[in-house]
Amino acid sequence: GADPEVAVPARRTDLAGLPPAWLGVGTLDLFHDEDLDYAGRLQAAGVPCEVHVTPGAFHGFDGIAPKASISRAFFDSQCASLRQAINELRTAESMQRTYLEETEQERARLISLLSAMNLGILFVAADGRVIYHNPTFNRIWMIEEGAALIGQPVHEVLSQSVSTLA
């Protein structure tokens, strides 16, 4: 069965890392105090939580009288919160795209600079495999131009050299 500690978010002891929440409750709702306590715990855990309290409303009021102005206002609050969350996601996505584009441009500039240097450059990952080399490295170590060095262990790369230094 379901783990009761995590099946109902309000029962969790640690609320950190939960997604942003919108919480709506009426002042006459049976769960009013419990809901407000949960909202406070979310906020204390650093989880963004918008709380909408509807004066005089009971549990399920918006389902019983969906066309009432109080129910429409409750629904409008939900929609506004959702719209705001979607806009924040779009903004974050746009910023991420911009950062990725800038990073890719910087990477291209760096590769261009490293390729133009008259200095043999070989970058090796922690596992001992080649992750970058410039054309000058191949020339200095007398390794065939165009040889597939990326991903190869360093000792295999150097074994391709006809240089006596290798």
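Model, not experiment: these values are computed from the prediction. Throughout, numbering of the chain's residues begins at 1 and tracks the sequence.
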Exercise. Kindly state each residue pair satisfying salt bridge (Lys or Arg N to Asp or Glu O under 4.0 Å) with at least one member in residues 96-117, sequence neighbours excluded.
Key: E93-R97, E104-R107, E106-R109
Quiz item: Is a side-chain N or O of S161 found less than 3.5 angstrom from the main chain of I143, in a donor-acceptor match?
Solution: no
Quiz item: Cluster question for you: counting only ILVMFWY and a side-chain heavy-atom cut-off of under 4.5 Å, with indirect links fine, are I111 and L113 together?
Solution: no
Quiz item: How would you list all residue pairs meeting ring-ring contact (aromatic ring centres under 6.0 Å, His included) that involve residues 95-123, not counting sequence neighbours?
Solution: F123-Y132
Quiz prompt | Modelled atom types, side-chain donor and acceptor of N118 and R139, under 3.5 Å | solution = yes
Exercise. List the steps, then state whether ring-ring contact (aromatic ring centres under 6.0 Å, His included) holds for F75 with W22.
Key: CA-CA 11 Å; F75 181 73; W22 179 93; 9.6 Å; no
Quiz item: How is the hydrophobic cluster of L82 composed, in terms of its other members, when Ile, Leu, Val, Met, Phe, Trp and Tyr link through side-chain heavy atoms under 4.5 Å apart, directly or indirectly?
Solution: I86
Quiz item: Same cluster for F31 and V8 if Ile/Leu/Val/Met/Phe/Trp/Tyr side chains link at under 4.5 Å?
Solution: no
Donor-acceptor pairs under 3.5 angstrom involving side-chain atoms of residues 61-68: please list them, not counting sequence neighbours.
none

Self-check item: Separation of H155 NE2 from Q160 CD (nearest 0.5 Å)
Solution: 11.0 Å
Quiz item: Nearest heavy-atom pair of E50 and S77: which atoms, and what distance?
Solution: OE2-OG, 3.9 Å
Practice problem: Working to the nearest 0.5 Å, report the span between SG of C49 and CD of Q43. | Solution: 5.0 Å
Quiz prompt | From D76 atom CG to H52 atom NE2, the distance as rounded to the nearest 0.5 Å | solution = 9.0 Å
Practice problem: Look up atom CD in Q84 and atom CG in L89, then write down how far apart they are to the nearest 0.5 Å. | Solution: 11.0 Å
Quiz item: When rounded to the nearest 0.5 angstrom, what distance separates CG in N87 from OG in S94?
Solution: 12.0 Å
Quiz item: Can you list the other members of the hydrophobic cluster that holds V53, where links are side-chain heavy atoms under 4.5 angstrom apart?
Solution: L15, L18, L23, V25, L36, Y38, L42, V47, V51
Exercise. Please assess L149 against W141 for the test side-chain contact (heavy atoms from CB on, under 4.5 Å), listing each intermediate value before the final yes or no.
Key: CA-CA 12 Å; L149 305 182; W141 287 96; over 6 Å; no
Exercise. Could you tell me the separation between the CG atom of L158 and the CG atom of L122, rounded to the nearest 0.5 Å?
Key: 7.5 Å
Quiz prompt | Connected via hydrophobic side-chain network under 4.5 Å: I140 and V154 | solution = yes
Quiz item: Which pairs pass salt bridge (Lys or Arg N to Asp or Glu O under 4.0 Å) with one or both residues in residues 144-165, sequence neighbours excluded?
Solution: none
Quiz item: Between A10 and R41, which heavy-atom pair has the shortest distance, and what is it?
Solution: O-NH1, 2.8 Å
